[in-house]
Amino acid sequence: MNSIVERLKEVRQQIESACDQHNRRPESVQLLAVSKTKPANAIRELYEAGQRHFGENYLQEALEKQQQLTDLDALVWHFIGPIQSNKTRDIAAHFAWVQSVDRSKIIRRLNEQRPAELPPLQVLIQVNIDDEQSKSGVAPNEVAALAADIAAAGRLTLRGLMTIPAAHASAAQQQQSFTAMQRLFSALSSQYESVDTLSMGMSQDITAAIGAGSTMVRVGTALFGARASKKE
């Protein structure tokens, strides 16, 4: 079995290959290591190999790992799970990015609860591009209103969009979803100077996502191996 550092190299090579295939610069795509349910020592190992951005879905688990990794000064935490109102204070205080904003109430609470001594919270709007009832996220026609709310919030910075396409979609359906997200992102970035991030693509669809314009791929399984299920 490959070590976690070897798997990191393989994922980076896959990103570079996809960028080359689609005439993009490799540095135009950022790797977010999705570390939910994985131990702090695995994060430390990837950090020592040069990985800096890590995504967590479960708040309590993330806070525990953050306590264990306080010596890693350049580590950047992204919250990427569904956001409950009673968890916004800790999310606002302990994360640099939130990728899963989908309600005005959450925007309001994150803005009010972001500590004044920290830089603005970097925010992505989660889009439910395939209209799946089981998934969080807003419909495409709701993006503009939420974007305006975020842009008007003093302690938040609107950075772009995130999506999780349907897991069992065909290649053609997947491409349709990615293309629709790219159009939404282009429209948003033309309206807001701060918008530069399209978080789209995971372990199984990195190449297709990069081909459709993703600037950030969220990779868990390909780095850490299969994860155990967990409920918070």
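Model, not experiment: these values are computed from the prediction.
Between the side chains of T179 and Q175, at least one donor N or O lies within less than 3.5 Å of an accepting N or O. In this structure, a donor-acceptor pair under 3.5 Å is absent between the side chains of Q126 and S100. Of the N and O atoms on the side chains of T70 and Q66, not one donor lies less than 3.5 Å from an acceptor on the other residue.
Formation of a donor-acceptor pair under 3.5 Å by the R218 side chain with backbone atoms of M162 is not found in this model. No donor-acceptor distance shorter than 3.5 angstrom exists from the side chain of D102 to the backbone of V138, with no hydrogens or angles considered. Under the 3.5 Å distance criterion, the side-chain polar atoms of R114 are matched with a main-chain donor or acceptor of P119. Between the side chain of N111 and the backbone N or O of R155, at least one donor-acceptor pair lies under 3.5 Å. Between the Q51 side chain and the L31 main chain, a donor and an acceptor come within less than 3.5 Å of each other. Looking only at distances, a side-chain donor or acceptor of S203 sits under 3.5 Å from a matching main-chain atom of A222. Side chain of Q67 to backbone of E64: no donor-acceptor contact under 3.5 angstrom is found. The backbone N or O of I106 lies less than 3.5 Å from no partner atom in the side chain of T88, so there is not a single donor-acceptor pair. Using a distance-only test at 3.5 Å, with no hydrogens or angles considered, a donor-acceptor pair links the side chain of Y47 to the main chain of A74. Listed for the R109 side chain is a donor-acceptor partner under 3.5 Å among the backbone atoms of S85.
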So W77 and I43, side-chain contact (heavy atoms from CB on, under 4.5 Å) or not? Walk me through it. CA-CA 11 Å; W77 293 102; I43 295 174; 3.9 Å; yes
Could you go through M181 and L161, starting from their C-alpha distance and side-chain angles, then the distance that decides it, and tell me whether this counts as side-chain contact (heavy atoms from CB on, under 4.5 Å)? CA-CA 8 Å; M181 283 299 302; L161 304 174; 3.8 Å; yes
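Across all non-hydrogen atoms, the minimal contact from V76 to A96 is CG1-CB, 3.8 Å.
Classification of the H53-W97 ring pair by plane angle, with boundaries at 30° and 60°, yields perpendicular.
Listed by first then second residue, pairs satisfying salt bridge (charged side-chain N to carboxylate O under 4.0 Å, His left out) with a partner in residues 182-203 read R159-D196, not counting sequence neighbours.
Electrostatic pairing of R44 and D71 counts as a salt bridge here, judged by a charged N lying under 4.0 Å from a carboxylate O. Here K36 does not pair with E61 in a salt bridge; the nearest charged N to carboxylate O distance is not below 4.0 Å.
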Just list the side-chain donor-acceptor pairs under 3.5 Å for residues 10-18, sequence neighbours left out, or say none.
unit_1, atom_1, unit_2, atom_2, d
E10, OE2, N2, ND2, 2.6
R12, NH1, A49, O, 3.4

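E27 pairs in a side-chain hydrogen bond (donor to acceptor under 3.5 Å, both in side chains) with only one of the listed residues (R24, R25, Q30), which is R25.
Among residues two or more places apart in sequence or in another chain, the ring pair (Phe, Tyr, Trp, His ring centres under 6.0 Å) test is passed with F178 by none.
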